[in-house]
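All values reported here derive from a predicted model rather than from experimental measurement.
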Amino acid sequence: MKKQVSKKITGFTITEILVALAIVAIMSTVIAINFLGKTEEAKFTRVKGDLTNLQSALMSYYNDNGFFPTTDQGLNALVRRPTQDPVPNNYQKGGYISGGGVVNDPWGKPYQYISPGIENDYDLFSMGKDGRPGGQGEFQDISVWNMNAINFNAENQ
């Protein structure tokens with residue numbers, strides 16, 4: 001006579017699975033709420049750093065040559081010596097930006113450069129998250145002339 005083997009099948013009940021999913025959903029929501037705004041804040045902080053670095057490179061260019069690159073020469077004049085007038089006579093060997101080129105803003109759009117600027121020797125700015133002139137909050141333009149006056153956290157709370 002063969003012995004009958006009883007197999008006991010165990011597993012999670014549907015209630016236990018639903019409770020676990022609810023806990024995961026609640027934790028995910030809390031984490032998303034705490035970190036969602038931090039992404040935009042980090043992008044804003046990066047814009048400020050990029051603009052400061054570009055401004056420093058522009059000042060070095062000016063100190064070496066006595067003028068800023070023109071709008072047509074653009075920020076690429078900080079990477080490669082311009083060949084169109086005005087051609088800089090004291091261009092720094094290797095350019096004024098390390099790393100091989102001018103980076104885009106955190107939203108993937110090129111930084112804007114105008115020289116001579118509207119109110120200053122030059123204007124250097126990002127058009128913000130929406131990529132369009134103007135805007136408010138996270139959509140506002142961020143320039144070297146207003147970046148220290150902008151408080152991203154206060155405007156977006």
Side-chain angles (χ1 to χ4, degrees), residues 18-157:
L18 289 175
V19 168
L21 287 173
I23 291 170
V24 169
I26 290 168
M27 290 175 61
S28 298
T29 302
V30 169
I31 290 170
I33 288 171
N34 286 328
F35 290 106
L36 196 58
K38 300 293 182 191
T39 301
E40 289 305 315
E41 184 180 344
K43 288 180 180 181
F44 176 75
T45 301
R46 189 185 132 205
V47 168
K48 288 175 75 172
D50 288 350
L51 290 176
T52 300
N53 290 338
L54 289 169
Q55 184 177 32
S56 177
L58 284 165
M59 291 309 299
S60 292
Y61 184 101
Y62 178 84
N63 289 335
D64 287 350
N65 300 290
F67 55 88
F68 292 103
T70 65
T71 301
D72 289 339
Q73 291 170 334
L75 295 173
N76 285 327
L78 300 173
V79 179
R80 285 183 270 326
R81 184 176 188 262
T83 56
Q84 67 189 77
D85 286 333
V87 175
N89 292 326
N90 297 316
Y91 194 82
Q92 180 175 300
K93 183 179 180 181
Y96 295 86
I97 296 178
S98 61
V102 179
V103 297
N104 287 339
D105 70 16
W107 301 281
K109 297 177 181 65
Y111 285 104
Q112 304 298 305
Y113 173 75
I114 302 168
S115 178
I118 296 170
E119 294 182 31
N120 298 293
D121 291 329
Y122 64 88
D123 291 332
L124 176 61
F125 58 98
S126 164
M127 288 193 281
K129 183 177 181 178
D130 63 357
R132 294 185 300 208
Q136 299 206 348
E138 64 188 287
F139 299 109
Q140 69 184 314
D141 295 351
I142 307 161
S143 79
V144 294
W145 313 119
N146 75 356
M147 67 181 177
N148 293 323
I150 296 172
N151 184 344
F152 184 83
N153 288 331
E155 292 177 1
N156 292 300
Q157 288 181 356

| Taking atom CG of L124 and atom CD of Q112, what is their separation to the nearest 0.5 Å? |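 Here the rounded value is 9.5 Å.
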
| field | Spacing of CG belonging to L58 relative to CG belonging to N53, to within rounding of 0.5 Å | value |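 Reported to 0.5 Å precision, the distance equals 11.0 Å.
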
Kindly give the heavy-atom pair with the smallest separation between [X] and [Y], and that separation in Å.
X: Y111; Y: R46; answer: OH-O, 4.4 Å
X: L75; Y: V102; answer: O-CG2, 3.5 Å
X: Q73; Y: Q84; answer: NE2-O, 2.9 Å
X: F67; Y: P88; answer: CZ-CA, 3.8 Å

Side-chain donor or acceptor of [X] paired with backbone N/O of [Y] under 3.5 Å:
X: N120; Y: Y122; value: no
X: T52; Y: K48; value: yes
X: T71; Y: S115; value: yes
X: Q92; Y: D64; value: no
X: R81; Y: G95; value: no

Residue pair [X] / [Y], side-chain heavy-atom distance below 4.5 Å:
X: P82; Y: Y61; answer: yes
X: I97; Y: L54; answer: yes
X: P110; Y: D105; answer: no

| request: Keeping to residues at least two apart or across chains, list the ring pair (Phe, Tyr, Trp, His ring centres under 6.0 Å) pairs with something in residues 69-92. | output: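 Of all non-adjacent pairs touching residues 69-92, those that pass ring pair (Phe, Tyr, Trp, His ring centres under 6.0 Å) are Y91-Y96.
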
| Test applied, side-chain contact (heavy atoms from CB on, under 4.5 Å); reference residue, S126; option that passes from V47, N104, D50 |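 Filter result, single survivor: V47.
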
| query | Does a donor on one side chain sit under 3.5 Å from an acceptor on the other, for Y113 and D123? | reply |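 There is no such pair (donor and acceptor under 3.5 Å, judged by atom type) between the side chains of Y113 and D123.
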
